[in-house]
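Take a look at the structure below.
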Amino acid sequence: SSIDEWTGNNLLERKLTSLLGIKEVKVVAGDSDANKAIKGQLANEAAKQFLERIGDGRLVAVTGGTSVASIPQYIQPFERGERLHFIAARGGIGNDIGLQANIIAATFAQACGGTYSTFYYPESLSEEAHEIFKREPAAIDMMKQYERTDCVIHGIGDALRMADMRGTAEDVKSMLQKNEAKGEAFGFYFNEVGDIVHRITTVGIQTEQLEKVPLLLAVAGGKKKAEAILSYMASAPRQTLLVTDEGAALAMLEKL
Ligand code: F6P
């Protein structure tokens, strides 16, 4: 039992863990919306949790976004890191190349001394083209890898903000609004009770596959993300570990 067991944050962590019904919540001090440096604390804590818990895991899938992208700088090469293989949790190409899952997977591999492979998949496909593309050997191979993924490290974003950033078509955006989409993760958009109201046309890890991943690390902070995090957590797999900040944690508690 460490000293921080007696600090306020630990109480906050325990309260949130039980209210969200997930494995554990880690809360770093501060609010990353108000203070940019807190994002580094969040990433540092996520790196620490990852290293402590990866154990004999081998295959790690990561998503894009600034929160996950900030983690590798807090990782030093370690012995078992050599056996780690990193992949993107879904195919796709974002606007900011440095924040793409594929690039982040490579950065993680470099930090850990491990390996990575890339998987690109156009997000602009029609349903018809997607039906054909997803039968390509590379896509089928990715789906097989998701079946045996040991760890997923992912971000959570505000649904409408993510839709905007992705240049989503107006009709889809109004559909998201009508269906009251709140949070987004893995290309899935969730409403308040955690139902998926929309998904990006892509090849990526599926919710059934997530259920089977032993180590799920969600990394998201900032007061403005509270609703988004809650909507994802409403149906998140129970083994999820959330690394967040006080800004988001206190705002979530107010809404629970
Ligand atoms: O686009 C990848 C992604 O992980 C989204 O699923 C998520 O909503 C977003 O990035 C989070 O980004 P950030 O950490 O920059 O807020």
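Counting starts at 1 for both ligands and their atoms, following the listed order. Just the heavy atoms: all of them, side chains too, but no hydrogens, waters or symmetry mates, feed the values below. This structure is a prediction, so every number in the text was calculated from the model and none was measured.
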*Tell me, yes or no, whether the heavy-atom count around Gln110 atom CD, taken from other residues, nucleotides or ligands under 6.0 Å, exceeds 12.*
no

*State whether Lys144 and Glu147 are salt-bridged, where the test is any N-O pair (Lys NZ or Arg NE/NH1/NH2 against Asp/Glu carboxylate O) under 4.0 Å.*
no

*Of all residues at least two apart in sequence or in a different chain, which pass the side-chain contact (heavy atoms from CB on, under 4.5 Å) check with Ala181?*
Ala159, Leu176, Tyr189, Val197

*Close residues, ligand 1: non-hydrogen atom nearer than 4.0 Å*: Thr63, Gly64, Gly65, Thr66, Ser67, Ile156, Gly157, Met162, Arg166, Glu184, Ala185, Phe186, Lys225

*Do Gln41 and Glu45 pass the side-chain hydrogen bond (donor to acceptor under 3.5 Å, both in side chains) test, and can you show the C-alpha distance, the side-chain angles, and the key distance before you say yes or no?*
CA-CA 6 Å; Gln41 305 289 321; Glu45 181 63 30; over 6 Å; no

_Residue pairs involving residues 228-253 (criterion ring-ring contact (aromatic ring centres under 6.0 Å, His included); sequence neighbours excluded)_ = His154-Tyr232, Phe190-Tyr232

_Quick test of your reading: applying side-chain hydrogen bond (donor to acceptor under 3.5 Å, both in side chains), list the pairs with at least one residue in residues 57-81, sequence neighbours left out, ordered by first then second residue._
Lys39-Thr66

